[in-house]
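Just below is one structure, and these are the notes that go with it.
A, B, ... follow the sequence lines: proteins, then strands. Residue 1 opens every chain.
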2 protein chains.
Amino acid sequence: MGSPLPRDPIADAQRNWERHGWGEVAAPMAAITAIMRTQQILLARIEGVLKPFGLTFARYELLALLSFARSGALPMNKASALLQVHPTSVTNAVDRLEKAALVVRSPHPTDGRTTLIELTAEGRTIAKRATTALNSEVFGQSGFGDDDVEHLIRVLGDFRKAAGDFTD
Amino acid sequence: MGSPLPRDPIADAQRNWERHGWGEVAAPMAAITAIMRTQQILLARIEGVLKPFGLTFARYELLALLSFARSGALPMNKASALLQVHPTSVTNAVDRLEKAALVVRSPHPTDGRTTLIELTAEGRTIAKRATTALNSEVFGQSGFGDDDVEHLIRVLGDFRKAAGDFTD
DNA sequence: TCCAAACCCTTGGATGTCCTAGTATATTGC
DNA sequence: GCAATATACTAGGACATCCAAGGGTTTGGA
């Protein structure tokens with residue numbers, strides 16, 4: 001999308017913050033901005049790997065979640081909670097996955113309000129293949145050192161917990 | 001959007017990865033997934049603070065960038081490069097900011113291809129107020145410890161550099 | 001000098017996310 | 001048992017991001 005900049009724009013922003021007398025929060029601002037940008041880079045990599053499978057990250061996450069469920073099926077609301085996205089986002093993802101025949105919707109046996117999302121055989125195959133690709137092309141070459149990975153898991157885990165993501 | 005889960009879904013995913021024989025990349029997978037989720041949480045906080053100003057994060061970033069430019073103006077392509085987003089995203093943001101009278105488009109004095117984005121007086125005021133709000137309500141209460149902030153800046157900075165964001 | 005290649009911005013389309021209803025089904029409480 | 005409340009999913013709308021294409025402007029090499 002663009003060639004490398006001569007200078008780190010986030011470091012520049014941090015300096016600007018300090019210069020304007022906001023030194024107190026300049027570092028957290030830089031850290032948060034860096035998280036936003038890193039997510040953008042990672043998402044682009046992931047989507048690039050998933051594209052050949054006709055998947056996006058949102059759809060992959062749902063597929064992967066289903067593949068780990070014992071029965072290969074989950075209620076929409078459960079998927080929404082576990083993926084931590086809005087219910088309408090799940091509806092959207094399921095619509096597209098269903099068109100691609102990777103999942104099917106089926107009524108819940110006892111609760112008429114609930115819809116189950118079920119992995120098809122092809123869905124399971126694609127999920128497996130996509131995971132293999134992501135493992136080798138993204139997670140296996142993250143560029144983060146082992147210590148940094150551990151640190152990120154701990155720091156961001158604490159953050160997510162404090163934000164109310166989970167109790168544990 | 002949902003009440004806290006009883007267990008950390010990312011830690012669960014990491015265990016699933018290990019259980020399926022992908023232990024080698026389970027930790028980086030967890031770290032990357034945590035970054036994605038953290039970004040989502042932070043973005044929601046930021047947008048919540050900006051909403052009263054009629055701004056989104058994308059528009060705020062552009063406004064802030066302009067406010068740090070000496071002349072209060074920048075070519076669209078420069079803004080695109082510095083914000084590291086696609087040119088069409090800048091077009092979109094400028095369209096909306098211009099409707100809100102926070103910026104104006106003006107022709108480049110010497111290059112007929114280029115359009116300058118210029119901050120209006122009101123744009124500068126809103127930028128300042130929004131920044132104050134973000135500083136006190138988000139950056140000042142990030143929840144990250146000082147050491148963790150420094151670590152994040154370093155680790156993510158190295159990552160962004162390796163990804164080709166900047167040379168420095 | 002002049003035309004092809006490079007560059008800049010915009011339009012149109014595909015996706016994803018969230019929010020705000022609206023419909024249907026369950027549960028609760030009186 | 002029935003009305004009121006709570007849940008589950010979906011439709012429609014607002015935004016953001018990217019990609020592919022198209023039209024206008026500059027630049028540079030023949």
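Screening residues 89-106 of chain A for salt bridge (charged side-chain N to carboxylate O under 4.0 Å, His left out), with sequence neighbours left out, gives A:Asp95-A:Arg105, A:Glu98-A:Arg105. For residues 17-37 of chain B, every residue pair satisfying the salt bridge (charged side-chain N to carboxylate O under 4.0 Å, His left out) rule, not counting sequence neighbours, is listed here: A:Asp165-B:Arg37.
Defined by atom type and a distance below 3.5 Å, a donor-acceptor pair is missing between the side-chain atoms of A:Asn16 and A:Trp22.
Evaluation of the side-chain hydrogen bond (donor to acceptor under 3.5 Å, both in side chains) rule for B:His20 yields no partner, not counting sequence neighbours.
Considering every non-hydrogen atom in both B:Leu5 and A:Ala81, the closest pair reads CD1-O, 3.6 Å. For B:Ile153 against A:Ala27, the heavy-atom pair with the smallest separation is CD1-O, 3.5 Å.
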Readout for nucleotides 6-21 of chain C: B = base within 4.0 Å of protein heavy atom, S = sugar-phosphate only, - = neither; 5' to 3' it is -BSSBB---SSBBBB-
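Within the 4.0 angstrom heavy-atom criterion, no nucleotide atom of any strand lies near A:Ser80.
Put simply, chain A comes within 4.0 Å of DNA chain D, heavy atom to any atom, from D:dT7 to D:dC18, going 5' to 3'.
Rounded to the nearest 0.5 Å, atoms CD (A:Glu47) and CG (A:Leu50) are 6.5 Å apart.
In the helix from C:dT1-D:dA30 to C:dC30-D:dG1, the terminal helix axes, each the rotation mapping four pairs' C1' atoms onto the next four within five end pairs, subtend 10°, rounded to 10°.
Atom CZ of B:Arg7 has 12 or fewer heavy atoms from other residues, nucleotides or ligands within 6.0 Å.
Taking 4.0 Å as the cut-off between side-chain N and carboxylate O, B:Lys161 and B:Asp158 do not count as a salt-bridged pair. Comment: B:Asp8 engages A:Arg160 in a salt bridge, judged by a side-chain N to carboxylate O separation of less than 4.0 angstrom.
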